[in-house]
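Remarks on the structure that follows.
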Amino acid sequence: MKVLLIQPPIEDFYDTSIRTYPLALLYLATKIQALADVSILDFRTGRKPKVLRHHPFPELEPYYREGVSTPLSFFARYYRFGCDYKEMKKEIAAREPDVVAVSSLFTTYSLEALEVARCAKEVNPEIVTVMGGTHPTLFPEHVLKSPCVDYVVRGEGETPFFRLIAALKEGRGAAIGDIDGVCRKTGSDLRISDIHVEDSIDLIPDRRLVNPADYRIGKKNYTFFLTSRGCPFHCAFCGRPPVPYRRRSLASIEQEIRQCLDANIQALDFEDDMLTLDPGYFRQMLKLFHGTGLTLSAMNGIYAGGMDTATLDDMFTAGFRRLNFSLVDLSRSVTERQKRPCGTDFLSLLPFLESSPFLTEVHFIIGLPDQKPEEVINTIIFLMGKRVLLGPSLFYLAPNSAIFSRMVGETWEPNIKSMRSSAMVPADPDFPRKSLYTLVKLVRFVNLVKNVIDQEDGLGTAGDLLNDQRFGRNPHDQEVIRVLLAEKKLVYYDRKHGGFLPEPHDPELLKLFFQQARGIMIRGFKTMNTLTIG
Ligand code: B12
Ligand code: SF4
């Protein structure tokens with residue numbers, strides 16, 4: 001039996017192309033390896049993005065434009081990241097699979113995943129199609145009602161998928177209805193199973209099933225890695241898959257590290273939802289990396305609760321160089337409202353981090369319901385004075401989160417495309433889109449200044465930026481910054497018509513930022529160099 005596991009393409013204004021390792025598919029492929037002839041096809045990674053002239057967000061046209069020159073640029077074009085329909089059909093047809101199984105991790109890109117199932121059925125209606133991942137787990141009916149999907153797997157897929165493939169192979173179709181985690185249909189009758197949770201999460205994915213050179217960060221082959229699954233917390237904005245928190249055995253992690261090295265992996269990104277929950281376990285786990293030479297990261301974000309400087313030292317020894325912390329917001333009242341545990345524990349680690357060799361990125365959310373733009377300004381001003389890079393995340397509605405249930409509940413379907421940060425959907429009328437946009441632009445300004453002062457010390461105030469070579473080379477960029485500093489306005493240079501035009505922005509917020517930031521210092525990201533906002 002030939003089983004093809006597919007990572008679908010996505011359509012958006014951007015892609016995080018350094019983080020598309022198809023780990024879920026590798027777990028599934030490894031589990032059924034002895035049962036079937038299995039291969040993985042990644043329709044998303046390593047393909048040239050294609051510009052889509054029409055996109056589903058006409059309301060964003062004033063914000064994301066082409067032909068614009070500004071040093072504070074944001075998104076411009078809408079793309080398809082990965083294969084188009086014709087290529088997908090050709091690739092599926094060439095492999096003549098019996099089963100096509102598609103990963104659908106994101107609700108917002110679930111239509112792209114369904115397209116893959118449609119391709120498979122068009123290639124050959126006899127191909128059995130299966131879909132799994134966070135989206136089908138949360139909305140099995142939505143996926144199963146597509147005439148192109150035969151089965152949906154809910155929850156962790158290894159065992160249900162194994163049983164499904166075994167039943168199909170042995171022609172035991174009738175038994176499929178009883179497999180925990182597998183949903184099926186008979187005519188219009190849908191049989192929806194509970195969410196499956198694996199008894200053991202120690203399975204080691206066989207990374208030889210993908211080409212390591214297809215997944216690179218800089219010059220290094222990277223992989224995703226999990227030491228745990230699930231998270232015991234319930235932040236109101238989070239749409240994590242509803243599975244309990246469990247940790248892996250250290251012995252299996254040790255074995256997996258060896259296999260990664262054998263597979264020529266040089267960098268490893270932990271994608272755990274809660275990597276550092278138990279600092280004791282975490283530190284033991286870090287010891288397994290000593291001497292491996294692997295570069296470690298946790299770009300999904302590190303939770304600082306319970307962490308201390310000794311743990312940070314251990315992280316450095318293990319191979320971490322760049323840290324991504326999830327702050328959410330500086331204000332305790334915001335984090336408490338969001339039910340975010342230990343929201344501000346990170347602050348106690350900051351003095352150590354600033355004087356350490358780590359490069360630290362701090363992520364915070366812009367546009368949470370009940371969050372005020374002024375609160376975000378406080379976070380920005382605080383972080384700009386620290387030796388960190390600012391990592392803004394625009395709020396989006398995450399299915400299964402408490403906010404999602406409150407705001408859209410059962411009526412979510414028409415909003416599918418908006419459940420992404422690039423859609424900049426305001427969650428609160430007091431925090432409109434132009435304020436979200438203004439704050440992102442301010443963060444870009446701060447990070448740009450950090451970049452400039454990292455390269456050049458002794459710039460006294462922000463006004464000196466205008467004489468800096470970096471801006472001097474492009475008079476249009478220089479003018480955009482001059483207008484921002486002097487007139488507190490956002491403008492861009494329109495290359496087509498050859499003039500400066502206003503960007504949508506909230507002038508009051510800009511004024512407030514510069515008022516509060518007056519006399520306050522911006523510190524570099526890589527260096528302790530500073531500059532003062534005049
Ligand atoms: C890595 C990751 C990414 C990567 C991409 C990963 C990839 N391969 O494409 C990056 C960083 C690019 C990413 C981006 C986004 N992400 Co993300 N991401 C994750 C993260 C942290 C881990 C996913 C993972 O690999 N887990 C490890 C694997 C082993 O677990 P798994 O995926 O659950 O797979 C198991 C089952 O689901 C099932 N299964 C999975 N696939 C299949 C397929 C079949 C056929 C079967 C049978 C079973 C099956 O079996 C697997 C093994 O048990 C999850 C959080 C999470 N806990 O899932 C969020 C998550 C998936 N992301 C999410 C979102 C919303 C986004 C964004 C759209 C947010 C935004 N900024 O707009 C962005 C898109 C940005 C962009 N355009 O680049 C949400 C999705 C929620 C939803 N219902 O839509 C999640 C759940 C985060 C959250 N807490 O809310 N993400
Ligand atoms: S945001 Fe992080 S800590 Fe909060 S529930 Fe989600 S995974 Fe857990």
Side-chain angles (χ1 to χ4, degrees), residues 3 5-8 10-29 31-32 42 44-45 79 81 99-110 113 129-139 151-162 164-165 181-182 195-198 201 203 205 215 224-226 229-241 243 245 269-275 277 299-303 305 326 328 338-343 365 393-402 404 412 416 418-423:
V3 179
L5 290 164
I6 298 184
Q7 163 143 263
I10 66 159
E11 292 180 3
D12 206 329
F13 292 95
Y14 79 109
D15 188 24
T16 317
S17 56
I18 51 161
R19 278 177 70 200
T20 60
Y21 196 84
L23 186 61
L25 297 184
L26 276 170
Y27 271 110
L28 299 166
K31 184 76 180 182
I32 64 157
D42 189 339
R44 173 168 172 192
T45 312
Y79 297 94
F81 296 100
V99 177
V100 162
V102 187
S103 192
S104 180
L105 300 189
F106 321 94
T107 299
T108 198
Y109 310 130
S110 56
T129 52
V130 186
M131 212 165 262
T134 307
H135 176 68
T137 296
L138 299 178
F139 303 111
Y151 300 101
V152 154
V153 170
R154 289 190 85 194
E156 292 171 342
E158 291 87 338
T159 303
F161 190 59
F162 178 89
L164 172 65
I165 297 298
V182 175
I195 291 172
H196 175 81
V197 177
E198 289 289 298
I201 55 165
L203 179 72
Y215 302 95
F224 281 178
F225 199 101
L226 289 180
R229 290 194 189 176
C231 168
F233 301 126
H234 299 278
C235 302
F237 51 82
C238 176
R240 66 184 176 75
V243 295
Y245 172 76
D269 187 45
F270 295 101
E271 288 293 345
D272 300 49
D273 281 328
M274 212 3 99
L275 180 65
L277 182 69
M299 294 190 233
N300 195 24
I302 298 168
Y303 159 79
S326 316
V328 179
Q338 297 302 324
K339 304 214 173 351
R340 171 81 178 172
C342 312
I365 305 182
S393 307
L394 280 164
F395 171 75
Y396 63 88
L397 262 185
N400 199 41
S401 63
F404 182 87
W412 58 274
I416 279 194
S418 310
M419 294 175 201
R420 60 182 76 189
S421 49
S422 59

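Numbering of ligands and ligand atoms starts at 1, following listing order. Start at 1 with the first residue, then count along the sequence.
By heavy-atom distance, the residue among E158, R19, M299 lying nearest atom 52 (C) of ligand 1 is E158. Between P205, P8, S421, it is S421 that holds the heavy atom closest to atom 71 (N) of ligand 1. Summarising the contacts of atom 42 (C) of ligand 1 with G230, G132, P160, P136, the nearest heavy atom is found in G132. For atom 44 (C) of ligand 1, the candidate residues are L5, L28, V153; the nearest heavy-atom contact is made by L28. For the residues S422, G155, C235, A423, the heavy atom positioned nearest atom 36 (C) of ligand 1 is part of G155. Comparing F13, F224, Y79, F106 against atom 60 (C) of ligand 1, the shortest heavy-atom distance belongs to F106.
Every atom of ligand 1 is numbered from 1 in the order shown, and the set under 4.0 Å from a heavy atom of N300 is 21 (C). The atoms of ligand 2 that sit less than 4.0 Å from any heavy atom of C231 are 3 (S), 5 (S), 7 (S), 8 (Fe). Ligand 2 places these atoms under 4.0 Å from at least one heavy atom of M274: 3 (S). For ligand 1, the atoms lying closer than 4.0 Å to a non-hydrogen atom of T134 are 83 (N). Taking a cut-off of under 4.0 Å to the non-hydrogen atoms of A101, the atoms of ligand 1 that pass are 45 (C). Heavy-atom proximity to D15, at under 4.0 Å, picks out these atoms of ligand 1: 77 (N), 78 (O).
The part of Q7 lying near ligand 1 is the side chain, judged by heavy-atom distances below 4.0 Å. Proximity of E198 to ligand 1, defined as any heavy-atom pair under 4.0 Å, is not found for any part of the residue. Only the side chain of Y27 comes within 4.0 Å of ligand 1, counting heavy atoms alone; its backbone N, CA, C and O stay farther away. The backbone and the side chain of A24 each have at least one atom closer than 4.0 Å to an atom of ligand 1 (non-hydrogen atoms only). Residue contacts with ligand 1 for I10 involve side-chain atoms from C-beta outward but no N, CA, C or O (heavy atoms, distance under 4.0 Å).
Nearest non-hydrogen protein atom to atom 4 (Fe) of ligand 2 is C235 SG, 2.3 Å. R340 NH1, 3.7 Å is the protein heavy atom nearest to atom 2 (Fe) of ligand 2. Counting protein heavy atoms only, atom 6 (Fe) of ligand 2 is closest to C238 SG, 2.4 Å.
Inter-residue side-chain proximity for Y14 and S422 is flagged as met; some heavy-atom pair is nearer than 4.5 Å.
Residue contacts with ligand 1: D273 is placed with a nitrogen or oxygen under 3.5 Å of a nitrogen or oxygen of the ligand (distance criterion only). Residue-to-ligand polar distances keep E271 apart from ligand 1: every N/O pair is separated by 3.5 Å or more. Looking at ligand 1, you won't find any N or O of H135 less than 3.5 Å from one of its N or O atoms. Checked against a 3.5 angstrom limit, the closest N/O atoms of R420 and ligand 1 fall outside it. Some N or O of G157 is nearer than 3.5 Å to an N or O of ligand 1, by distance alone. The shortest N or O to N or O distance between E156 and ligand 1 is not under 3.5 Å.
D273 and Y245 are not linked by any side-chain donor-acceptor pair at a separation below 3.5 angstrom, with hydrogens and angles left out of the test. For the residue pair Y215 and D42, a side-chain donor N or O sits within less than 3.5 Å of a side-chain acceptor on the partner.
Between F233 and ligand 2 there is a heavy-atom distance shorter than 4.0 Å. For the ligand labelled ligand 1, residue F81 lies outside the 4.0 Å heavy-atom shell.
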